[in-house]
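For reference, the structure is listed below as structure tokens.
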Number of protein chains: 2
Amino acid sequence: MKLEEAIQSNKFRNDVHKASLNILYTAWWLKTVLSRELKEYGLTHEQYNVMRILKGKHPEQMCVRDIASRMIEKNSNVPRIIDRLVTKKLVKSATSEVDRRETVISLTPSGLSLLDNSTSSINQAMDAQVSIGQQEAQVLNQLLEKVRAKE
Amino acid sequence: MKLEEAIQSNKFRNDVHKASLNILYTAWWLKTVLSRELKEYGLTHEQYNVMRILKGKHPEQMCVRDIASRMIEKNSNVPRIIDRLVTKKLVKSATSEVDRRETVISLTPSGLSLLDNSTSSINQAMDAQVSIGQQEAQVLNQLLEKVRAKE
DNA sequence: GCTTATTACGTGTATATACACGTATTTGTT
DNA sequence: AACAAATACGTGTATATACACGTAATAAGC
């Protein structure tokens, strides 16, 4: 669906304004596509994101702050997301022995297994639904980096 | 900041995967930029969005459902966002006389005034921070539409 | 070594998304 | 007209973001 139909408006100040709304709408669309798959596994998008980050260091542990700094949405409240993963026994939490301020987190075997299965679903969904080619994706990446160039 | 730095990872399956994360991260970045401006006016991004939609029909009223269908994030709980705007006397709410199931909403004078001021800020912030040209924005728009082509 | 600053978390509040469900009202069918 | 179906809201719950603040532990300065 075109943006104009999706938000029932074609009143944009200019193409940059339209592109900004398009980015926001596409992100919402993408989250919806991915969340639909994750729901089968009882995971939210954010819980999945935390687990993916943990897998990057697996089988090593990571402290909460390291996880937070890798999140896509930087204001995520990582301690609370971890709480829910601990309840489901998908990750394990312990006080660091090196620095007792730190809480170190690691994937449990069942967390790792759930992550692998859900990642397959996510990847399939992405390949099936995100309908651009690799070369177009490269151009898109360059443009998005440029959008944020002034940060 | 490049995506790799922002999320401290360069493990992408391919460019389409990277582009998906890039869209999500850029949307978060953009919301942050805009919310910083809106905070001066005591508005959230979503409250602003509702007011912008209302302005499209001003001085006519709109029913809740019409507003909801124009939201960027389609699962927004519009009645509750409106509650907060009513509390701040930025919009007025009344039961429709034509169809008593409908609640019709309209901007108050102070709502309209706040909207105009905040829109100036938003537009300035967007022009200052979103650093692509109009022609690049056109290409970006085409690519984003293509990403969602299978919806 | 003692004091101060910093760091890493955890928690509380306001607002939001996502979704299910109940209720009042209107529309459609017969 | 009476009943069934659909519609438009409002509300409740779980989880999330955004942000402020408190506390325990460590680091830094003297």
Side-chain angles (χ1 to χ4, degrees), chain A residues 24-25 27-51 61-88 90-91 93-105, chain B residues 24-25 27-51 61-88 90-91 93-105:
Chain A
L24 295 175
Y25 179 67
W28 171 81
W29 175 83
L30 196 55
K31 276 191 193 177
T32 303
V33 167
L34 301 183
S35 293
R36 192 164 49 217
E37 297 303 314
L38 289 171
K39 203 169 178 181
E40 279 186 60
Y41 301 93
L43 293 174
T44 66
H45 193 256
E46 297 68 24
Q47 289 169 10
Y48 176 78
N49 197 8
V50 167
M51 291 176 73
Q61 304 169 320
M62 291 183 77
C63 72
V64 174
R65 191 184 142 60
D66 274 2
I67 297 169
S69 72
R70 287 172 166 78
M71 295 291 283
I72 292 178
E73 317 225 354
K74 296 304 181 191
N75 292 315
S76 295
N77 200 330
V78 176
R80 265 195 290 246
I81 296 174
I82 289 170
D83 281 349
R84 277 148 202 151
L85 293 173
V86 169
T87 301
K88 290 188 273 194
L90 299 174
V91 307
S93 169
T95 301
S96 166
E97 297 186 359
V98 183
D99 182 339
R100 293 166 49 73
R101 289 171 304 181
E102 289 185 350
T103 305
V104 289
I105 315 293
Chain B
L24 295 175
Y25 179 67
W28 172 81
W29 174 83
L30 197 54
K31 276 192 194 178
T32 303
V33 167
L34 301 183
S35 293
R36 191 164 50 219
E37 297 304 314
L38 289 172
K39 203 170 178 182
E40 280 186 58
Y41 301 93
L43 292 175
T44 66
H45 192 256
E46 296 67 24
Q47 288 168 13
Y48 176 78
N49 196 9
V50 166
M51 290 175 73
Q61 304 169 320
M62 289 182 78
C63 71
V64 174
R65 191 184 142 61
D66 274 2
I67 297 169
S69 71
R70 287 172 167 78
M71 296 291 283
I72 291 177
E73 319 224 352
K74 296 304 181 190
N75 292 315
S76 296
N77 200 330
V78 176
R80 267 197 287 249
I81 296 175
I82 289 170
D83 280 349
R84 277 147 202 151
L85 294 173
V86 169
T87 301
K88 290 188 272 194
L90 299 173
V91 306
S93 168
T95 301
S96 166
E97 296 185 359
V98 182
D99 181 339
R100 293 166 50 72
R101 289 171 304 181
E102 289 185 350
T103 306
V104 290
I105 315 293

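Computed from a predicted model, the values in this text were never measured in an experiment. By convention in this document, chain letters (A, B, ...) are assigned in the order of the sequence lines, proteins followed by strands, and residues within each chain are numbered from 1.
Comparing D/dT11, C/dC9, D/dA8 by their closest approach to the side chain of A/Arg65 singles out C/dC9. Candidate nucleotides C/dT15, C/dT7, D/dG10 were compared by shortest atom distance to the side chain of B/Thr103, and D/dG10 ranks first. Of all nucleotides listed (C/dA16, D/dA18, C/dT17), D/dA18 comes nearest to the side chain of A/Arg80. Of the candidate nucleotides C/dT17, C/dT26, D/dA25, C/dT26 has the atom nearest to the side chain of B/Arg101.
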Could you go step by step and tell me if B/Leu90 and B/Leu43 meet the side-chain contact (heavy atoms from CB on, under 4.5 Å) rule?
CA-CA 10 Å; B/Leu90 299 173; B/Leu43 292 175; 3.8 Å; yes
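Donor-acceptor pairing under 3.5 Å, judged by distance alone, is absent between the side chain of B/Arg100 and the base of C/dT25.
Across the protein-nucleic acid pair, A/Glu102 atom CD and D/dT26 atom C1' stand 10 Å apart, rounded to whole Å. One can place NZ of A/Lys31 at 15 Å from P of C/dA16, the figure rounded to the nearest angstrom. B/His45 has its NE2 atom 10 Å from the P atom of C/dT17, to the nearest Å. Atom-to-atom, CZ of A/Arg84 to C1' of C/dT11 comes out at 12 Å; the value is rounded to the nearest Å. A straight line from CD1 of A/Ile67 to C1' of C/dA8 spans 13 Å, rounded to a whole angstrom. Summarising the geometry, the separation between CG on A/Leu43 and C1' on C/dA18 is reported as 16 Å, rounded to the nearest angstrom. Rounded to whole angstrom, the span from the CH2 atom of A/Trp29 across to the C1' atom of C/dT17 amounts to 19 Å. For A/Ile82 and D/dA16, the CD1 to P distance is 11 Å, given to the nearest whole Å.
When heavy atoms are screened at a 4.0 angstrom cut-off, B/Asn77 is found touching base atoms of the nucleic acid. Note on A/Lys39: only backbone sugar-phosphate atoms sit closer than 4.0 angstrom, heavy atoms only; bases stay farther off.
Nearest approach of B/Ile72 to A/Tyr25, heavy atoms of both residues: O-CD1, 3.4 Å. Between B/Met71 and B/Val78 the shortest heavy-atom distance is CG-CG2, 4.0 Å. Listed here is the closest heavy atom pair of B/Ala27 and A/Leu24: O-CD2, 3.7 Å. For B/Gly42 against B/Gln47, the heavy-atom pair with the smallest separation is O-OE1, 3.9 Å.
For A/Trp28 and C/dA18, the shortest distance from a side-chain N or O to OP1 or OP2 is below 4.0 Å. At the phosphate of C/dT15, neither OP1 nor OP2 sits under 4.0 Å from any side-chain N or O atom of B/Thr44. A close approach under 4.0 Å does not occur between any side-chain nitrogen or oxygen of B/Asn75 and OP1 or OP2 of C/dT17.
Salt bridge status for B/Arg84 with B/Glu46: absent, with no side-chain N to carboxylate O gap under 4.0 Å.
Both B/Ser93 and A/Ile81 lie close to DNA chain D; mapped to their nearest nucleotides by heavy-atom distance, the more 5′-ward contact belongs to B/Ser93. Place A/Ser35 and B/Asp99 on DNA chain C by their nearest nucleotides, and A/Ser35 ends up nearer the 5' end. Residue order along DNA chain C, read from the 5' end via each residue's closest nucleotide, puts B/Lys88 first among A/Thr32 and B/Lys88.
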